[in-house]
Asks: 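Here you go, one structure.
Given the structure is predicted, the values throughout are model-derived calculations rather than measurements.
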Amino acid sequence: MAGRAQIRTNKSALIAMIADEDTITGFLLAGVGNVDLRRKTNYLIVDSKTTVKQIEDAFKEFTTKDDIGIVLISQYVANMIRFVVDSYNNPIPAILEIPSKDHPYDPAHDSVLSRVKHLFSSESVASDRR
């Protein structure tokens, strides 16, 4: 099928995370953490000292690695690099925005939810019929 993205079929894939320390710690305790041979982790802890450039670089690194299947990113962190998150359109790794302890989830800012709403909106259905 021309024009469709090829979906990789790895036997296993990792979950990458970009979030605050409490969120990362919870996922690490659940066994999601990984350190590869180059001593690179599959997570980035965002605090007051983390720059937007570091967040953007981590996002780009996680979305280009072959062994990552899902990237979990706190919504308030995703808002810092919204232009990068919104421009990402590959199916794998999937990008999921999650709430954090100090920042509640706001569906108005979720890029995946907005794409789904646009897909199923009456405007897009009407334009397809023309």
Side-chain angles (χ1 to χ4, degrees):
M1 292 182 186
R4 295 196 87 185
Q6 292 294 321
I7 298 176
R8 296 183 301 269
T9 55
N10 294 348
K11 291 184 179 178
S12 64
L14 298 173
I15 296 175
M17 299 160 292
I18 304 173
D20 60 285
E21 186 174 14
D22 291 339
T23 304
I24 297 287
T25 301
F27 278 98
L28 292 177
L29 289 171
V32 174
N34 184 57
V35 179
D36 65 13
L37 295 174
R38 295 174 292 144
R39 313 264 313 144
K40 298 285 287 180
T41 60
N42 64 329
Y43 57 88
L44 173 68
I45 298 174
V46 177
D47 57 16
S48 60
K49 298 174 198 162
T50 308
T51 65
V52 173
K53 176 84 168 114
Q54 289 173 314
I55 297 168
E56 188 177 330
D57 290 345
F59 182 85
K60 288 178 180 176
E61 177 186 346
F62 293 151
T63 55
T64 56
K65 288 179 73 175
D66 288 337
D67 60 345
I68 303 289
I70 299 172
V71 177
L72 299 176
I73 183 168
S74 289
Q75 192 174 49
Y76 83 96
V77 175
N79 287 336
M80 293 181 197
I81 59 165
R82 179 59 58 197
F83 59 97
V84 178
V85 174
D86 287 346
S87 66
Y88 180 80
N89 58 6
N90 293 335
I92 295 179
I95 309 301
L96 298 176
E97 295 180 27
I98 60 173
S100 65
K101 186 172 87 171
D102 298 327
H103 301 87
Y105 175 76
D106 182 7
H109 292 285
D110 192 334
S111 62
V112 174
L113 189 59
S114 67
R115 288 179 189 177
V116 169
K117 283 182 180 179
H118 176 71
L119 247 158
F120 290 107
S121 71
S122 59
E123 296 171 5
S124 66
V125 171
S127 67
D128 287 343
R129 291 182 183 167
R130 292 181 192 165

Asks: Going by side chain to side chain contact (heavy atoms under 4.5 Å, CB included), Tyr43 matches just one of Leu72, Val32, Ile24. Which one?
Replies: Ile24

Asks: Does the distance from a Lys or Arg side-chain N to an Asp or Glu carboxylate O, for Asp36 and Arg38, drop under 4.0 Å?
Replies: yes

Asks: With a 4.0 Å cut-off, would you call Arg82 and Asp86 a salt bridge?
Replies: yes

Asks: Considering all heavy atoms of both residues, which atom of Val84 and which atom of Ser87 are nearest to each other, and what is their separation?
Replies: O-OG, 2.9 Å

Asks: If Ile, Leu, Val, Met, Phe, Trp and Tyr residues are connected whenever their side-chain heavy atoms lie under 4.5 Å apart, and connections chain through other members, are Phe83 and Val85 in the same group?
Replies: yes

Asks: Going from CG on Leu44 to CD on Glu56, what distance comes out if it is rounded to the nearest 0.5 angstrom?
Replies: 12.5 Å

Asks: Measure the spacing between CG of Asn42 and CD1 of Ile70 and express it to the nearest 0.5 Å.
Replies: 12.0 Å

Asks: Identify the two heavy atoms, one from Gly33 and one from Leu28, that lie closest to each other, and give their separation to 0.1 Å.
Replies: CA-CD2, 3.3 Å

Asks: Report the distance from atom CG of Asn89 to atom CD1 of Ile95, rounding to the nearest 0.5 Å.
Replies: 10.5 Å

Asks: How about CD on Gln54, more than 12 heavy atoms from neighbouring residues, nucleotides or ligands closer than 6.0 Å, or not?
Replies: yes

Asks: Looking at Thr63, is its backbone amide N or carbonyl O close enough to the side chain of Asn90 to form a donor-acceptor pair, meaning the two atoms are under 3.5 Å apart?
Replies: no

Asks: Measuring only between side-chain heavy atoms, which start at C-beta, is Ile15 closer than 4.5 Å to Phe27?
Replies: no

Asks: Which value, rounded to the nearest 0.5 Å, describes the distance between Ile73 atom CD1 and Phe62 atom CZ?
Replies: 9.5 Å

Asks: Can you tell me how far NZ of Lys53 sits from CD1 of Ile81, rounded to the nearest 0.5 angstrom?
Replies: 11.5 Å

Asks: Taking the side chain as every heavy atom from C-beta outward, state whether Val35 and Thr41 have any atom pair closer than 4.5 Å.
Replies: yes

Asks: Looking at every non-hydrogen atom in both residues, tell me the closest pair between Ile68 and Ala13 and how far apart they are.
Replies: C-CB, 4.3 Å

Asks: Nearest 0.5 Å, please: how far is CG in Asp47 from CD in Glu21?
Replies: 7.5 Å

Asks: Any chance the side chains of Thr25 and Asp22 put a donor and an acceptor closer than 3.5 Å?
Replies: no

Asks: Can you confirm whether Phe59 sits close enough to Val77 that some side-chain heavy atom of one is under 4.5 Å from a side-chain heavy atom of the other?
Replies: no

